Amino acid sequence: MPLVIDEIDDQRVQGRVTFRRFHLGVGSAHGGTQPLLFDELLGTVAAWHRGAIRTAYLHVDYRALTPVDVELTVEGSIDRTDGRKLWASGRLFNGSTLLAESSALFVRAYDHGA
């Protein structure tokens, strides 16, 4: 995935992505590319200093067509944690236009100290 992470900490991540021609669907980025992007982005912040994680579910809402060959911005955050579970959300933008948003649940593969 052509993702550049610009900022990351334990709770949030921001970056840039440019979908290319090989991501092309019918006139815009193929709909399967956004879930891949969100899984990578949100999985990265979920795993940040937390060890191995696994995606339990990932949901994407498409709001507008995602262009190719345009630098887009993406952001994500850890919204809540409970034991090994981490709930996260993300958003993909073209300027101020929301293209897609995601919610996800990640599970740490093991408890720290276990």
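Computation of the quantities below employed the complete heavy-atom set of this structure, encompassing side-chain atoms and omitting hydrogens, waters and symmetry-equivalent molecules. Just so it is clear, the model here is predicted, and its values are computed rather than measured. The first residue of the sequence shown is numbered 1, and numbering continues consecutively from there.
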> Given the rule that I, L, V, M, F, W and Y join up when any side-chain heavy atoms are under 4.5 Å apart, are Leu105 and Val45 in one cluster?
Replying inline: no
>> Please give me the minimum heavy-atom distance between Ser102 and Val60, naming the atom from each residue.
In response: OG-CG2, 4.1 Å
>> Using 0.5 Å steps for rounding, measure from the CZ atom of Arg12 to the OG atom of Ser89.
In response: 12.5 Å
> So, the side chain of Thr18 versus the backbone of Asp69: is there a donor-acceptor pair under 3.5 Å, distance only?
Replying inline: no
> Do the side chain of Arg84 and the main chain of Val107 share a donor and acceptor less than 3.5 angstrom apart?
Replying inline: no
>> Under the criterion side chain to side chain contact (heavy atoms under 4.5 Å, CB included), I'd like the reasoning laid out for Thr44 against Leu3: C-alpha separation, chi angles, the key distance, then a yes or no.
In response: CA-CA 11 Å; Thr44 298; Leu3 172 64; 5.6 Å; no
> Do Phe106 and Thr81 pass the side chain to side chain contact (heavy atoms under 4.5 Å, CB included) test, and can you show the C-alpha distance, the side-chain angles, and the key distance before you say yes or no?
Replying inline: CA-CA 9 Å; Phe106 296 92; Thr81 62; over 6 Å; no
> To the nearest 0.5 Å, what is the distance between CG (Asp6) and CZ (Arg16)?
Replying inline: 4.0 Å
>> Using side-chain heavy atoms (C-beta onward) and a distance below 4.5 Å, is Leu41 in contact with Val17?
In response: no
> What pair of heavy atoms forms the shortest contact from Ala64 to Thr97, and how long is it?
Replying inline: CB-CG2, 4.4 Å
> Which atoms form the tightest heavy-atom contact between Ala100 and Leu98, and what is the distance?
Replying inline: O-CD1, 3.4 Å
>> Hydrophobic cluster membership, with links at side-chain heavy-atom distances under 4.5 Å among I/L/V/M/F/W/Y: are Ile8 and Phe93 in one?
In response: no
> Any side-chain heavy atom of Arg80 within less than 4.5 Å of one from Lys85?
Replying inline: no
> If you take all heavy atoms of Ala88 and Ile78, which pair is closest and at what distance?
Replying inline: CB-CD1, 4.0 Å
> Any side-chain heavy atom of Leu99 within less than 4.5 Å of one from Arg63?
Replying inline: no
>> Check whether Arg91 reaches the backbone of Thr73 with its side chain - one donor and one acceptor, N or O, closer than 3.5 Å.
In response: no
>> Would Thr66 and Thr33 count as a side chain to side chain contact (heavy atoms under 4.5 Å, CB included) here? Give the steps.
In response: CA-CA 10 Å; Thr66 299; Thr33 58; 5.9 Å; no
> So if you build clusters from Ile, Leu, Val, Met, Phe, Trp, Tyr with side-chain heavy-atom gaps below 4.5 Å, do Trp87 and Leu58 land together?
Replying inline: no
> Do you know which two heavy atoms are closest between Leu86 and Ala46, and how far apart they sit?
Replying inline: CD2-O, 4.1 Å
>> To check you understand the geometry: which heavy-atom pair defines the closest contact between Val68 and Ser28, and what is its length?
In response: CG1-C, 4.3 Å
> If you group Ile, Leu, Val, Met, Phe, Trp and Tyr by side-chain heavy-atom gaps below 4.5 Å, do Trp48 and Phe38 land in one group?
Replying inline: yes
> According to a 4.5 Å side-chain heavy-atom criterion applied to Ile, Leu, Val, Met, Phe, Trp and Tyr, with indirect links allowed, do Ile53 and Ile5 form part of one hydrophobic cluster?
Replying inline: yes
